[in-house]
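In what follows, every chain begins at residue 1, and chains take the letters A, B, ... in the order their sequences are listed. Computed from a prediction, not measured in an experiment: that's the story for all the values here.
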Amino acid sequence: MVELGAELGEIAGLSSPQIQAARHEKGPMVVFAGAGSGKTRVITYRIANLLATHRVPPYRVLAVTFTNKAAAEMRHRLTKLVGEELSRDLWVGTFHATCAKLLRRYPAACGLKSSFLVYDDDDQRAVMNRIYKDQGIDDKKFPLRQVLGRIHKEKQEGVTGTDFIPGNFMERTIAQCFQAYDERLRAANAVDFDDLLLYVMRLLENKDSPEGEELRKKFSYVLVDEFQDVNRVQYRLVRGFTEKTQNLFVVGDDDQSIYRWRGADVQIVRNFRHDHPGASIVKLEQNYRSTANVVAAALGVIRVARDREPKELWTANQAGEKIPIVFCVSERDEAAYVAERIREAMEAGTPANEIAVFYRIHAQSRVLEEVLRSERLPYQIIGGMRFFERAEVKDLVAYLRLLTNPDSDVDLVRIINVPSRKIGDTTVEKLAAFARERGSSMFAAIEDFIHSEGLTAQPKKALARFLALMKDLSSSAATAAPAELAERVVEESGYRDMLSRLDSDEGEAKLQNLAELIGSIGEFEEEALAQGTVPNLEGFLERVALTAAQDELKDVPRVCLMTVHAAKGLEFDLVLLTGMEEDIFPWRSQDNERPGDVEEERRLAYVAITRAKKHLFVLHAERRMIFANTRYNQPSRFLGDIPREVMRPVISDTMRAARGRFIDRPMAPPAEPPRLAFRSPAASSPSTPRVELDSVRSPVRAEGEPARAAARPASGGTLELFPDVRLGGLRMVEPVGDELPVRPNFSAPAAPTRQGFVRSMQQRPGAGPERAPGERFVERDDDAGGSSSSLRPRARISADHGLGPGTRVLHKTFGTGVVLSLDGSADPAAMVQFPGWTPKLIKIRFLQPEE
DNA sequence: GAATGGCCCGGCTGC
DNA sequence: CGGGCCATTC
């Protein structure tokens with residue numbers, strides 16, 4: 001074992017604030033750790049120090065991480081530092097995994113059986129659906145999603161069905177659903193994600209419970225990573241654990257708080273010192289991860305944020321490249337550009353798994369995936385349609401869950417007639433009613449139900465056969481290992497027959513997915529055995545439920561595609577940040593005209609930028625097809641916050657090819673500068689002027705030019721940058737002419753029509769890239785044959801009409817405006833900026849040149 | 001009871 | 001655009 005004495009810092013090469021934090025022993029401490037400032041090292045070394053220097057028994061230390069992957073990584077590092085013997089007994093895990101582990105220890109104290117299941121969103125919906133049916137609640141009046149959302153919100157604040165007090169009529173129904181929901185979960189011996197934490201919290205706070213007392217004494221040191229994303233219940237948990245010792249050590253960065261929407265409360269970290277008088281505070285402000293330009297870009301974006309713990313990130317790293325801000329025509333053009341840069345980087349020796357493509361929402365991944373596929377670039381997608389969400393995988397899991405816990409009605413209903421056993425909806429409904437009357441689970445009721453009145457011979461027989469099957473499998477469960485049991489389920493349930501009878505690629509793919517699931521059960525068994533624990537089905541099912549998107553990230557040489565949320569805590573040599581457009585990033589929700597939380601979006605952008613170690617590309621598309629329609633979005637306001645000195649505008653080849661001649665044409669600046677108003681940001685807050693920021697950009701502005709930005713609201717989305725950078729005035733910024741090689745492949749404009757992506761192209765065997773062993777089958781269109789290169793270039797309508805970006809035009813209603821861009825359909829339209837309006841898409845025939 | 005087609009509606013981020 | 005739900009039909 002490594003002895004870590006006073007020379008800890010020197011041994012590890014830590015900076016002095018890092019040493020200060022790592023050496024901290026007793027009492028509360030908060031570490032404000034900027035992005036890339038080495039916080040994981042600090043936590044790891046502090047634990048090592050506690051174990052080695054202070055001789056704290058490992059099982060008395062709890063370290064809470066944000067993902068299972070981070071937990072595994074931390075344990076791995078600790079094993080290297082202090083040896084396996086010590087690291088093995090540490091409690092390292094996410095809040096959810098830790099609570100699940102504790103609940104399996106004290107199930108009875110919470111009214112559970114140790115075989116309890118964790119219900120996911122789908123299960124929650126299924127349970128609630130039943131309640132709606134049984135109680136005749138109208139989904140139109142009380143949308144199920146909203147009711148579940150409300151329940152979720154309440155539970156995150158520590159409120160359960162029995163404590164929920166309705167405030168109005170609507171809430172009376174919610175209270176009714178809430179109670180019924182909790183009851184049904186209890187009857188099913190199941191918990192949802194929130195319960196996992198709530199149950200432990202209740203136990204911990206129960207002064208009369210001996211188990212609670214045990215829990216309060218259990219840990220002498222608690223460490224929490226990513227503390228800025230902790231919610232109220234999680235905070236109460238850690239307070240409960242450290243009530244006696246006060247040894248609570250938290251690490252976080254309020255600038256990286258991106259989970260407010262799921263209950264996280266930044267105020268918890270900001271108020272930490274008030275909650276814990278005498279708490280030590282350390283700030284880690286040196287970034288070791290990124291180039292100076294990347295850090296400058298990140299700072300530019302975050303320094304405008306409204307509330308922040310004062311801190312200044314800095315770096316001693318080299319400047320690195322200027323950050324290309326890439327202007328693309330469409331999402332397809334954007335993807336093509338991304339593919340080019342990936343290929344280039346890989347050819348230059350960057351490992352594929354050091355490359356990441358980020359997007360704000362999963363829906364953006366599809367096109368990227370298509371292009372990477374057709375370009376034969378290896379990739380993996382994190383999150384999105386997850387493996388465990390596929391129907392066949394869920395079916396097999398449902399069988400396994402039912403075998404573990406026969407009280408789980410949602411699982412029974414899911415598979416009782418899959419594959420088809422001639423047990424129809426009517427029979428299932430009758431069974432449900434029968435079970436309800438007897439107050440038992442559906443599975444337990446089958447036996448008697450078969451012998452009850454009013455059931456015809458056919459369903460009787462079918463049910464009896466199903467029961468026999470389950471009993472048979474159940475006896476296998478007693479002896480067979482989990483993976484073997486899963487295999488028997490697939491065989492004996494008839495699932496395999498059902499799929500092979502499909503006789504299609506689809507059936508084949510589904511069988512492959514099942515094989516992979518069984519394979520992963522096998523992996524789980526091996527891991528458990530290696531750790532000296534018995535591999536049981538409960539353990540595997542729990543892992544399935546608690547697997548985070550990031551946990552799927554495999555250490556294989558593939559480019560990683562993920563949402564920015566999923567990227568939290570990770571780092572890559574090369575980051576391509578796509579979709580930097582208003583309404584995408586910052587995202588604007590469609591419903592209720594809610595403006596969304598721009599501040600959180602800003603922090604999210606900060607997280608995205610700070611993931612990059614060496615190279616960062618920021619892309620935006622002028623036109624984007626998303627959710628079935630085309631949007632023309634303004635460039636993201638966050639682009640305007642990146643200091644001019646560290647960026648460099650780049651025009652995609654496609655855009656250059658389509659209207660290159662306009663890009664370089666000198667143009668008289670419009671008499672009245674186009675005001676690029678955004679749809680709603682001004683509403684957010686009429687607070688401080690952006691004087692500070694303005695001065696940062698002052699080199700750009702000519703002498704005597706009015707400080708346009710200064711008078712505008714802080715988050716008002718004023719991009720003084722863009723009147724220059726946008727097509728019309730590009731030449732004013734910087735020559736962009738020869739910076740990029742022109743690849744004929746990508747010079748054709750992106751798909752203007754749908755014909756290019758005919759479905760019939762999909763899934764020809766051998767059409768896609770070779771599939772590596774273990775690679776998941778992706779049930780998506782593979783339009784390898786329809787990629788951009790085969791498409792006809794769009795007509796240069798701009799030339800035909802004498803209109804181009806920057807042209808001043810006249811409209812009957814809106815008056816004089818400036819053309820921003822043009823669209824190339826049969827009936828061409830132009831995006832026009834009229835002073836005082838949001839940019840409008842107007843058919844060219846309604847416009848006329850100004851003169 | 002199963003299979004198919006049409007229609008409506010939501011559409012983000014995730015343990 | 002796509003998933004889920006309903007109605008129609010065999």
Could you go through residues 229-240 of chain A and list every donor-acceptor pair under 3.5 Å that involves a side-chain atom there, pairing it with any protein atom two or more places apart or in another chain?
residue: A:D229; atom: OD1; partner: A:I258; partner atom: N; Å: 3.2
residue: A:D229; atom: OD1; partner: A:Y259; partner atom: N; Å: 3.3
residue: A:D229; atom: OD2; partner: A:K568; partner atom: NZ; Å: 2.1
residue: A:N231; atom: OD1; partner: A:V233; partner atom: N; Å: 3.1
residue: A:N231; atom: OD1; partner: A:Q234; partner atom: N; Å: 2.9
residue: A:R232; atom: NH2; partner: A:D265; partner atom: OD2; Å: 2.9
residue: A:Q234; atom: OE1; partner: A:N231; partner atom: N; Å: 2.9
residue: A:Y235; atom: OH; partner: A:D275; partner atom: OD2; Å: 2.8
residue: A:R236; atom: NE; partner: A:E205; partner atom: OE2; Å: 2.9
residue: A:R236; atom: NH2; partner: A:E205; partner atom: OE1; Å: 2.7

Query raised in the report: So does A:H565 get a side-chain nitrogen or oxygen closer than 4.0 Å to the phosphate oxygens (OP1/OP2) of B:dC12?
Result: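 Checking A:H565 against B:dC12: no side-chain N or O falls below 4.0 Å of OP1 or OP2.
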Query raised in the report: Hey, are A:R603 and A:E600 close enough for a salt bridge, meaning a charged N less than 4.0 Å from a carboxylate O?
Result: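 Salt bridge between A:R603 and A:E600, a charged N being under 4.0 Å from a carboxylate O: yes.
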Report task. Report which part of the nucleic acid A:Y259 touches: base, sugar-phosphate, or nothing (heavy-atom distance under 4.0 Å, all strands). Result ->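 Sugar-phosphate, backbone atoms only, no base.
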Report task. Could you check whether A:T67 gets within reach of a base, just the sugar-phosphate, or nothing at all, counting any heavy atom under 4.0 Å? Result ->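 No contact at all - A:T67 keeps every heavy atom at 4.0 Å or more from the nucleic acid.
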Please output the side-chain donor-acceptor pairs of residues 147-154 of chain A that fall under 3.5 Å, not counting sequence neighbours, one pair per line with the distance.
residue: A:R150; atom: NE; partner: A:E154; partner atom: OE2; Å: 2.9
residue: A:R150; atom: NH1; partner: A:E171; partner atom: OE2; Å: 3.0
residue: A:R150; atom: NH2; partner: A:E154; partner atom: OE2; Å: 3.1
residue: A:R150; atom: NH2; partner: A:E171; partner atom: OE2; Å: 3.0
residue: A:H152; atom: ND1; partner: A:D194; partner atom: OD1; Å: 3.4
residue: A:H152; atom: ND1; partner: A:D194; partner atom: OD2; Å: 2.6
residue: A:H152; atom: NE2; partner: A:Q156; partner atom: NE2; Å: 3.1

Requested in this report: Please identify each residue that fulfils ring pair (Phe, Tyr, Trp, His ring centres under 6.0 Å) with A:Y606, with sequence neighbours left out.
Outcome: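 Partners of A:Y606 by the ring pair (Phe, Tyr, Trp, His ring centres under 6.0 Å) criterion come out as none, since no residue qualifies.
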Would you say the base of [N] and the side-chain of [X] have a donor-acceptor pair closer than 3.5 Å?
X      : N      : value
A:H152 : B:dG14 : yes
A:R360 : B:dT13 : yes
A:D121 : B:dC15 : yes

Listed pairs, N/O of protein and of nucleotides 5-9 of chain B, under 3.5 Å:
none

**Report entry** Set of residues satisfying side-chain hydrogen bond (donor to acceptor under 3.5 Å, both in side chains) with respect to A:R624, sequence neighbours excluded
**Finding:**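 side-chain hydrogen bond (donor to acceptor under 3.5 Å, both in side chains) check on A:R624 returns A:E334, A:E581.
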Query raised in the report: Can you name the residues that form a salt bridge (charged side-chain N to carboxylate O under 4.0 Å, His left out) with A:D254, not counting sequence neighbours?
Result: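 By the salt bridge (charged side-chain N to carboxylate O under 4.0 Å, His left out) rule, A:D254 matches A:R270, A:K311.
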